[in-house]
Amino acid sequence: MGRRGVLIAVGWLLAAGATAAVATFALDVVGAGILGPQNQPLSQDDVTRALAAAPATSSAVVPTTTAAAPSSSSAPAPRGLTVPGGSLVAECAGGQVTLRSWSPDPGFRTDDVSRGPAASASIKFKNGGTENVTIVTCVGGEPHAESVADDHHGGHGGDG
């Protein structure tokens, strides 16, 4: 086998290395979004900017775009709300509110979520010593958010 065997082995190693390099390049291209930025996920900052740029129906309520909803007045449309510490999507139906989803701002986390359906829903966005409690209710059939700082840091009587 001698010299010819060594040359064949080196050839196979070079082919394997080239294949690995091509595969790695292909994965990098796909991961970078070969079809452009429209296929990239939005960051929380992008979502917050998009919500802030949309025309507001009140100082705290910012409508979001949703899939085409039936034109029936019995089908409520979820609304995006930007609040201190994050954003959320809420929906009113039958006089009750439901939190559909939420996303804390960078550095914040959520706590004490009461998603409904109920006369009011609530969520707390926390960042270190900063705690903002947001209460969501239905006003005129639309979600409305009120946020207050929680100076009692939860007030849950201690964990031990």
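These figures come from a predicted structure and were not determined experimentally.
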Visitor: So, applying side chain to side chain contact (heavy atoms under 4.5 Å, CB included) with S147, which one of V133, T134, V136, I135 is it?
Guide: T134
Visitor: Return the minimal non-hydrogen interatomic distance between C92 and G141, and the atom names on each side.
Guide: CB-O, 3.4 Å
Visitor: Only one of T110, D111, T130, D105 forms a side chain to side chain contact (heavy atoms under 4.5 Å, CB included) with F125, so which one is it?
Guide: T110
Visitor: Give a yes or no answer on whether the side chain of R115 reaches the backbone of R100 with a donor-acceptor pair at less than 3.5 Å.
Guide: yes
Visitor: Between L81 and V113, is there a shared hydrophobic cluster once you connect ILVMFWY residues whose side-chain heavy atoms come closer than 4.5 Å?
Guide: yes
Visitor: Output, in order, the C-alpha distance, side-chain angles, deciding distance and verdict of side-chain hydrogen bond (donor to acceptor under 3.5 Å, both in side chains) for H144 and E146.
Guide: CA-CA 7 Å; H144 176 76; E146 299 271 338; 2.8 Å; yes
Visitor: Side-chain contact, heavy-atom cut-off 4.5 Å: V97 with T137?
Guide: no
Visitor: Measure the shortest side-chain to side-chain distance between V83 and N132 over non-hydrogen atoms and say whether it is less than 4.5 angstrom.
Guide: no
Visitor: Rounded to the nearest 0.5 Å, what separates atom CG in L88 from atom OG in S101?
Guide: 7.5 Å
Visitor: For residues A90 and L99, report the shortest heavy-atom separation together with the two atoms involved.
Guide: CB-CD2, 4.1 Å
Visitor: Between P78 and V89, what is the shortest heavy-atom contact and its length?
Guide: CB-CG1, 3.6 Å
Visitor: Would you name the heavy atoms of A121 and G116 that are closest together and state the gap between them?
Guide: CB-N, 4.4 Å
Visitor: For the atom pair NZ (K124) and CZ (R109), what is the distance rounded to the nearest 0.5 Å?
Guide: 9.5 Å
